[in-house]
Amino acid sequence: TLARVEAGLRSPQEVPLPEEEAALLRRRIQLLRAMLDVRTLIRQADIPGLRRLAEAVASLAEHEEVRWEASALSCMFWLAFTFRQEESRLLPRLLRLKERATRAGDHTTTLATIVFLAHMYRAANQLRLQAQECREGIERARQLRVETAAVGNLQLTLAEACYAENRLDAAADALDQGLHNVRAWGHHDLYLWGLTQRAQLELARHDIPAAAQALQQAEETVQRERFPHWEPTLDATRAQLLLAGCDHVGVDRWLAQTELDPQTLTPNQDVLVLTKARLLIARQRYGQALETLERFAPQFDRPGHLPTTIAFLVLLLVALDHAGRQEQAQEVAVRLFKLSEPEDNLRVFLDIGAPMAQLLARLAGAPDGERAALSPRLAAFCAKLLAAFGAAQWISAPSSPRPLATPQPALASSSSPEPLTQREHEVLRFLAAGASNQEIADQLVISLATAKKHVSNILAKLGVTSRAQAIARARDLAERS
């Protein structure tokens, strides 16, 4: 059809049109062809080609009707969203388009623009604006009785914002609604995104069977619909399930099989790099985790998608801390807190588990001179994170303050010369925070029986018979040392 129209425009004697109308038709044909080319360029991961296309259509659509301008801006959006390229011009143009579409009463374009805005706010780590845009779009659709997959998209995007703020119940509610809507509309990409969010949420709730069920549904959808671009995300989710299930053999096998190259890394493989570093940290292979993160730093530590940068910096902080590179760890901590604190971005820290909780406790307990880089506001954010970990007591524990990454001296009771191991020190910190055996097992990624064994060993070594006595005895010994 497009070819026939173009042929007619090249032969004006066959289709006589005023020049102004012919120019409008030619411009819109270019926009339509651009929309067809976008999918091909995305599949080929052709970032330069997509950028050239975005530049071309941006100028074409400057004075177009709102719906045509929205089509043109979608090229810039996919460049920013899919390939995490910084597009500083896109946000103001989307805001203007939303205003124009609202004035014109074009509800479909308004809703589509709100979806774009919500995702752009997420890329900028502006969680509150992300959630606000989602709620506005959902409410508009309700009032207008509009039913479309875009509403499901907004509900899933709202769930993502709630999860990042560690509001898990709100995230679950939005996720339920979003999954229902996108499934009803047969939007398989959004459905897969929702299922992977579901798996992540259930892991945060320590419900491994529910997370496994969500993963299975996602795997069946990928196989049925032939969506190979989702495989890296599913592979990363499988690895996280192995870790949550304390399948150390499976984790080590996954690590050995997952080889990644910075030169050939695609945006949808970013999750594999972050997951690999996280598993290496969980397995206490901190040197390998640091080597992995530093090798891929150029791909992650750059503007374009701040949530990915923050996830990278969280892992880098833990790896630097355990490598004893305290000055660099301090710098990363300050930068990380500055990025995360304004939007209460909590969950990215909590998902790391015990290594992050222990690091934050040491940072909060360091002498004032060693915490000079932390402003009162950032220090308060550190305390808020510890409270979210259920470990706020660690800040005020009367034991001697320790600098970031400096190990505590081994504790030994007067009746038992055998000191506590490093792992027993970790368990003791959780005991001081009031954690149950199951919570200790979950945080340290060990079995419940192993957690109980560590607690029993601590009691025996300290010569006490209860948790409260163990905590008091440990503090007494630490003060003496």
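- Taking CG of Leu158 as the start and CG of Leu154 as the end, the distance is 8.5 Å to the nearest 0.5 Å.
- His322 and Tyr286 have parallel rings, their planes meeting at less than 30° on a 0 to 90° scale where 60° marks the start of perpendicular.
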| message | Determine whether Gln326 and Asp321 satisfy the following criterion, side-chain contact (heavy atoms from CB on, under 4.5 Å), listing intermediate values before the conclusion. | response | CA-CA 6 Å; Gln326 297 175 14; Asp321 174 45; 5.8 Å; no
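- His187 is not listed as a side-chain neighbour of Asn181, based on a closest heavy-atom distance of 4.5 Å or more.
- Side-chain N or O atoms of Lys276 include one that pairs as donor or acceptor with a backbone N or O of Thr258 at under 3.5 Å.
- Asn125 places a side-chain N or O within donor-acceptor distance of the main-chain N or O of Leu339, the cut-off being under 3.5 Å.
- Exactly one of Leu315, Asp301, Leu313 qualifies for a side chain to side chain contact (heavy atoms under 4.5 Å, CB included) with Leu293. That residue is Leu315.
- Heavy atoms only, all atoms of each residue included: Glu424 and Pro419 are closest at OE1-O, 4.3 Å.
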Exercise answer: donor-acceptor pairs, residues 237-245 side-chain atoms, under 3.5 Å, sequence neighbours excluded:
{"residue": "Thr237", "atom": "OG1", "partner": "Thr233", "partner atom": "O", "Å": "2.9"}
{"residue": "Arg238", "atom": "NE", "partner": "Glu219", "partner atom": "OE2", "Å": "2.6"}
{"residue": "Arg238", "atom": "NH1", "partner": "Glu231", "partner atom": "OE2", "Å": "2.7"}
{"residue": "Arg238", "atom": "NH2", "partner": "Glu219", "partner atom": "OE2", "Å": "3.3"}
{"residue": "Arg238", "atom": "NH2", "partner": "Glu231", "partner atom": "OE2", "Å": "3.0"}

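- Side chain of Arg140 to main chain of Arg135: no donor-acceptor pair is present (N/O by atom type, distance under 3.5 Å, no hydrogens or angles).
- Defined by atom type and a distance below 3.5 Å, a donor-acceptor pair is missing between the side-chain atoms of Asp270 and His305.
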| field | Residue pair Gln197, Leu179: steps toward the side-chain contact (heavy atoms from CB on, under 4.5 Å) verdict | value | CA-CA 10 Å; Gln197 280 195 66; Leu179 279 168; over 6 Å; no
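- The closest donor-acceptor contact from the side chain of Thr275 to the backbone of Val271 lies under 3.5 Å.
- Phe300 and Phe296 have perpendicular rings, their planes meeting at more than 60° on a 0 to 90° scale where under 30° would count as parallel.
- At least one donor-acceptor pair under 3.5 Å links the side chain of Glu343 to the backbone N or O of Leu127.
- For the atom pair Arg167 CZ and Asp344 CG, the distance stands at 9.5 Å (nearest 0.5 Å).
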| task | Take Tyr163 and Asp351 through the test side-chain hydrogen bond (donor to acceptor under 3.5 Å, both in side chains) and record every step on the way to the result. | result | CA-CA 11 Å; Tyr163 182 86; Asp351 283 341; 2.9 Å; yes
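- For the atom pair CG of Leu175 and CG of Leu195, the computed distance is 8.5 Å after rounding to the nearest 0.5 Å.
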| request: Check the pair Trp230 / Asn268 against side-chain hydrogen bond (donor to acceptor under 3.5 Å, both in side chains), numbers first and verdict last. | output: CA-CA 8 Å; Trp230 274 98; Asn268 66 336; over 6 Å; no
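- Between Gln284 and Arg423, the closest side-chain pair of non-hydrogen atoms falls below 4.5 Å.
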| request: Report the C-alpha distance between Gln358 and Arg362 in whole Å, list the side-chain angles of each, state the deciding distance to 0.1 Å, and finish with yes or no for side-chain contact (heavy atoms from CB on, under 4.5 Å). | output: CA-CA 6 Å; Gln358 293 155 12; Arg362 291 196 299 273; 3.7 Å; yes
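- The shortest side-chain heavy-atom distance between Leu290 and Arg325 falls under the 4.5 Å cut-off.
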| said: Assess the residue pair Thr110 and Thr113 against the criterion (side-chain hydrogen bond (donor to acceptor under 3.5 Å, both in side chains)); give the C-alpha distance rounded to whole Å, side-chain angles, the decisive distance to 0.1 Å, and a yes or no. | reply: CA-CA 5 Å; Thr110 301; Thr113 307; over 6 Å; no
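- Taking 4.5 Å as the limit, some side-chain heavy atom of Glu136 sits within range of a side-chain heavy atom of Lys98.
- Glu139 and Gln143 form a side-chain donor-acceptor contact under 3.5 Å, judged by distance and modelled atom types alone.
- The closest side-chain heavy-atom distance from Val115 to Leu117 is not below 4.5 Å.
- With no hydrogens or angles considered, a side-chain donor-acceptor pair links Gln216 and Glu220 at under 3.5 Å.
- A heavy-atom distance below 4.5 Å is not found between the side chains of Leu156 and Gln177.
- You'll find the side chain of Leu280 stays beyond 4.5 Å of the side chain of Arg283, heavy atoms only.
- In this structure, the separation between CG on Leu317 and CD on Glu331 is 11.5 Å, given to the nearest 0.5 Å.
- Residue Ile208 holds its CD1 atom at 7.0 Å from SG of Cys246, rounded to the nearest 0.5 Å.
- Aromatic pair Tyr121/His119: centroids not less than 6.0 angstrom apart.
- Note that the CG atom of Asp247 and the CH2 atom of Trp254 stand 13.5 Å from one another [nearest 0.5 Å].
- The closest donor-acceptor contact from the side chain of Thr148 to the backbone of Val151 lies at 3.5 Å or more, if one exists at all.
- A donor-acceptor pair is defined here as one N or O able to donate and one able to accept, closer than 3.5 Å; such a pair exists between the side chain of Gln269 and the backbone of Thr266.
- You'll find the side chain of Glu160 reaches within 4.5 Å of the side chain of Arg122, heavy atoms only.
- In this view, Glu225 satisfies the salt bridge (Lys or Arg N to Asp or Glu O under 4.0 Å) rule with no residue, not counting sequence neighbours.
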| message | Using the rule given for side-chain contact (heavy atoms from CB on, under 4.5 Å), can you reason through Met356 versus Val348, listing the C-alpha separation, both sets of side-chain angles and the distance that settles it, and then say yes or no? | response | CA-CA 10 Å; Met356 178 57 69; Val348 68; over 6 Å; no
